[in-house]
Number of protein chains: 2
Amino acid sequence: MRVTIRDVARAAGVSVTTVSRALNGAQDVGEETRQRVIEVAKQLNYRPSHVARSLVLRKSQNIGLLVSDFRKGGHHFLYDVLVGVHDTLAEYGYDVTLVSTDTARQQLVSYVDFCRARGLDGVIVTGIRLDDPYVEEVVESTLPSVVIDLPLLSRHCGYVMTDNVNGARYAVRRLVSRGCRRIGFVNGAAHAAVSRERLRGFEEAVRQYVGVYDDRLVVYGDFTLEGGQRALAELLARAPDVDGVFFASDLMAIGGLQHCRAAGIRVPEDLAVVGFDDIDLARFVTPALTTIAQPRYEMGCEAAKMLVHMLEKGEMPSGTLLPPQLVVRETA
Amino acid sequence: MRVTIRDVARAAGVSVTTVSRALNGAQDVGEETRQRVIEVAKQLNYRPSHVARSLVLRKSQNIGLLVSDFRKGGHHFLYDVLVGVHDTLAEYGYDVTLVSTDTARQQLVSYVDFCRARGLDGVIVTGIRLDDPYVEEVVESTLPSVVIDLPLLSRHCGYVMTDNVNGARYAVRRLVSRGCRRIGFVNGAAHAAVSRERLRGFEEAVRQYVGVYDDRLVVYGDFTLEGGQRALAELLARAPDVDGVFFASDLMAIGGLQHCRAAGIRVPEDLAVVGFDDIDLARFVTPALTTIAQPRYEMGCEAAKMLVHMLEKGEMPSGTLLPPQLVVRETA
DNA sequence: CTGTTAGCGCTTTCAA
DNA sequence: TTGAAAGCGCTAACAG
């Protein structure tokens, strides 16, 4: 049924070893033998079995993409990362297998065991948070991994994330340059690593550009639209004189915009707004959202590249920070 | 290094055969032997190698998800489908491997060969169009497949798509019920199967609800925002008295909205607009877009289910139509 | 340069 | 009920 290496060997009148060598570019094969083998293989439309090869080589050329929070509608961040990961990995000759943390079948076993059972060579982890039970596993396991958006560094685990500190600084600088002096911050979930960094960048920048820092101007949303609405209402109740707000996600910023519209607050005249992420909604809301863009696609690429380098060149994992970028539109 | 079935056998004092049987729930194993084996396996944290099992069983419990047009920013339709596919497949105990048609490494070989080389049990195909070179392959190959959004039915190939004909009808009906009498249609790419069906639904509905059908009111965009802008401009130039427009995608509709704003056309007063897809942008543009929602997640689930049924129960592939839904917002 | 041999980790006849 | 042996398709010593 299936064309195997034996069929090729037989048809070419050589041993399977020779076929293997010829097709894998070993040098100890006669040139004309190689040509004949290649010719026959093509004739027979032979495709080496990755499965068999994985078994003997003990590596699968297959990487897991672990996704926490893999659900309908959660695409804003994930999709581009996924494409970046896939593009790059395909380039290097790796396949990618999706691994979700919250699928019924899988939620009990450790994800490392999941990957091991499948012989995955490594894993790229997304959507994980500081308080996640998986964090420990990622750090301790010897399965080569690269985490996106969480600074976990160990012998077998590197990470790539946006430079959130500077991202927050850019936002504040923009607000200040527009004349804002009382700047609020609607941060994301407190247990997200990115939240800590953005807070740090926010505080540093406010101290530097404004002078006085008032931590009552920091409130917490949960990265969602509704969270942003609520958080802004709370902030405004607490400090009605706020003239600019930095939101730790575009979704929250858009929630904030909705609150403003409902409350009759003009943006940017009464209140300037800067978001974070640059999801494509940002261009389309009215007024269009000024925001800090994250290089999502590139983060995926970078993570994939690091993992392959760890796998193939034995490189040490590292922490990579990618630069965010201010995108000026209408809200600030 | 790795715990194999032999380790378990040794530790349990039985043969590998017995371990295999015990762990796979065969009945010809003594109950206490089975318990012991299970206990030992747990103790040793044994995970059967999927690779080895795939090799001998000649099936991998692994499905390919073929994506044409897998690129940065193209998530509007794809992401939810992908999540649906993954959720359902995971439920059934299958892994999913991403396969992209346009990645450098892969573009030359046939995707069927790609899947075969990896021992994939089947494939779910998305983003493919009528004029795609892959169409032939999908139909002819014996690799079990399910296509999303393209009605390809053969011995080994089923499909699932939205009921586009009725979707278009709902759009027209909505427009008519708002009083529109001269209804235009900005269709998507002509070679997309969905475009034909939507056109059919449009024509049928216009004949039914309006009475007269004028095919000069049909123009073509390419599913993109810019395409929608251009197409609407063209339509309006051709027929300035149009009072309602149905766009075959939300992205095009949003482009149309932008054109309206630029041209001083009030929506929905001067021109009512209905889109198609219900991407999440639709809620956020101003005015919010009335549209026909596609059950993207469910399409993914359905496709996965069909494929698994084909694989495990030997069911014949079939064509499945999922119902769209009118979502009324502000533009119509 | 080429072939023989021995597995990779697992399932499955076939005997016992 | 259990085990020995063969083999899935491939690669890699080790000889020749």
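Labels below follow one simple rule: chain letters A, B, ... track the order of the sequence lines, proteins then strands, and each chain is numbered from 1.
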Which side-chain N or O atoms in residues 22-30 of chain A pair as donor and acceptor under 3.5 Å with protein atoms at least two apart or in another chain?
residue	atom	partner	partner atom	Å
A/N24	OD1	A/R53	NH2	3.3
A/N24	ND2	A/S20	O	3.0
A/N24	ND2	A/S20	OG	3.4

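The backbone N or O of A/D95 sits less than 3.5 Å from a side-chain atom of A/N62, completing a donor-acceptor pair.
Using a 4.0 Å cut-off between a side-chain N of Lys or Arg and a carboxylate O of Asp or Glu, A/E31 and A/R34 qualify as a salt bridge. The pair A/D7-A/R10 meets the salt-bridge criterion, with a side-chain N (NZ, NE, NH1 or NH2) lying under 4.0 Å from an Asp/Glu carboxylate O. With respect to B/D121 and B/K59, no salt bridge is recorded, no charged nitrogen being found less than 4.0 Å from a carboxylate O.
Among the protein residues, A/V51 comes within range of no part of the nucleic acid, since none of its heavy atoms lies under 4.0 Å from any strand.
With contacts defined as side-chain heavy-atom distances shorter than 4.5 Å, the pair A/L311/A/Y94 qualifies. Side chains of B/V99 and B/V123 form no contact here, defined as non-hydrogen atoms less than 4.5 Å apart. Annotation: side chain of B/H309 is in contact with side chain of B/Y92 (closest heavy-atom distance under 4.5 Å).
When the C1' atom of C/dC10 is taken as reference, atom CD of B/Q61 falls 15 Å away, rounded to whole Å. Distance B/R10 CZ to D/dA4 P: 13 Å, rounded to the nearest Å. Computed from coordinates, the B/K59 NZ to C/dC10 P distance equals 16 Å when rounded to whole Å. Atom CG in B/L23 sits roughly 16 Å away from atom P in C/dG9 (whole-Å rounding). In this structure, CG of A/L55 is placed 18 Å from P of C/dA6, rounded to the nearest angstrom.
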Summary of protein contacts for nucleotides 10-16 of chain D, nucleotide by nucleotide, where a base hit scores B, a sugar-phosphate-only hit scores S (4.0 Å, heavy atoms): SSBB---

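Residues from residues 35-45 of chain A lying near DNA chain C, meaning a heavy-atom separation below 4.0 Å, are absent.
Contact between A/S54 and A/S60 at its shortest, heavy atoms only, is OG-CA, 3.4 Å.
Sequence neighbours left out, the pairs with a member in residues 146-163 of chain A that pass side chain to side chain donor-acceptor pair (under 3.5 Å) are A/T162-A/Q294, A/D163-A/N166.
Within the structure, a side-chain polar atom (N or O) of A/T33 is placed less than 4.0 Å from OP1 or OP2 of C/dT2.
For A/R6, there are no side-chain hydrogen bond (donor to acceptor under 3.5 Å, both in side chains) partners at least two apart in sequence or on another chain.
When the local axes at the two ends of the helix from C/dC1-D/dG16 to C/dA16-D/dT1 are compared, using 5 base pairs at each end, they differ in direction by 40° after rounding to 10°.
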